[in-house]
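Take a look at the structure below.
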Amino acid sequence: MTEQATPPEPAIHPDLWSGIDELWTWLEANRPLDGREGMLLRMLKLSEEVGEVAEAVIGATGQNPRKGVTHTWDDVQAELCDVVITALVALRTLTPDTREVFAKHLARVRERSLGRPPVAAAPAEYDHLRRSE
């Protein structure tokens with residue numbers, strides 16, 4: 001019996017932010033509505049994706065007695081990824097500085113939640129808080 005070659009894994013874009021920019025560019029080139037209305041619909045897409053997470057969780061737990069178990073936890077993971085992608089594309093729609101806006105906000109949330117700035121990613125104004133190595 002001969003061994004079959006393992007199929008290659010799907011290519012994963014090496015850079016999250018480049019991937020978001022590519023998706024944003026594609027959506028911008030193919031959107032049916034421009035201006036404020038198009039931007040608002042892009043924001044509403046996030047609510048649709050969150051609803052799909054809820055649907056997957058209900059389906060994974062069999063909470064609808066009429067339907068039973070209709071989804072897996074892998075489905076929930078995929079839907080959560082769709083929410084993250086959609087949110088980052090929506091953020092990119094509002095600002096070309098997506099990476100910086102997100103990084104600053106994440107640092108604020110981490111500081112608020114953890115009571116301190118993240119040492120590795122802290123802005124320069126937190127240098128006095130870094131441990132000397």
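Separation of atoms CD (E55) and NE2 (H71) is listed at 4.5 Å; rounding is to 0.5 Å. For the atom pair T93 OG1 and I20 CD1, the distance stands at 10.0 Å (nearest 0.5 Å). Within the model, atoms CD of E49 and CG of L44 stand 12.0 Å from one another, a figure rounded to the nearest 0.5 Å. Between the CZ atom of R66 and the CG atom of N64 there is a distance of 5.0 Å, given to the nearest 0.5 Å. With rounding to the nearest 0.5 angstrom, the OG atom of S47 is 11.5 Å from the CD atom of E52.
In the hydrophobic clustering of this structure, L80 does not group with F102; members are Ile, Leu, Val, Met, Phe, Trp, Tyr whose side-chain heavy atoms approach within less than 4.5 Å, directly or through other members. If you chain together hydrophobic residues whose side chains sit under 4.5 Å apart, L94 and W24 never meet in one group. V69 and I58 fall into different hydrophobic clusters, where Ile, Leu, Val, Met, Phe, Trp and Tyr residues are linked whenever their side-chain heavy atoms come under 4.5 Å apart, directly or through other members. V53 is not connected to V84 by any chain of hydrophobic side-chain contacts under 4.5 Å among Ile, Leu, Val, Met, Phe, Trp and Tyr, and they are in different clusters. Hydrophobic clustering (ILVMFWY, side-chain heavy atoms < 4.5 Å, transitive): V89 and M39 are in distinct clusters.
No salt bridge links E111 with R108; every basic N to acidic carboxylate O contact stays at or beyond 4.0 Å. Salt bridge annotation for K104-E100: absent, with no cationic side-chain nitrogen under 4.0 angstrom from a carboxylate oxygen. A salt bridge links R99 and D15; the closest N-O separation between the charged side-chain nitrogens and carboxylate oxygens is under 4.0 Å. Using a cut-off of 4.0 Å between Lys/Arg side-chain N and Asp/Glu carboxylate O, R42 and E37 are scored as not salt-bridged.
The two residues R31 and G38 make their nearest non-hydrogen contact at NH1-C, 4.3 Å. Minimum heavy-atom separation, T95 to T98: O-OG1, 3.0 Å.
A donor-acceptor distance shorter than 3.5 angstrom exists from the side chain of D75 to the backbone of T72, with no hydrogens or angles considered.
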task = Run the numbers on H105 and V101 for side-chain contact (heavy atoms from CB on, under 4.5 Å), then give the verdict.
result = CA-CA 6 Å; H105 187 74; V101 169; 5.5 Å; no

- Message: Show, in sequence, the C-alpha distance, side-chain angles and deciding distance for L16 and L88, and conclude whether the side-chain contact (heavy atoms from CB on, under 4.5 Å) test is met.
- Response: CA-CA 10 Å; L16 169 70; L88 291 175; 4.1 Å; yes

Test log, rule side-chain contact (heavy atoms from CB on, under 4.5 Å), inputs T25 and E28
CA-CA 5 Å; T25 299; E28 285 294 301; 5.7 Å; no

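Annotation: W73, atom CH2; neighbour count of heavy atoms from other residues, nucleotides and ligands within 6.0 Å is above 12.
Checking each of D82, V83, T86 against V50 for a side chain to side chain contact (heavy atoms under 4.5 Å, CB included) leaves exactly one that passes, namely V83.
Side chains of R92 and P96 form a contact here, defined as non-hydrogen atoms less than 4.5 Å apart.
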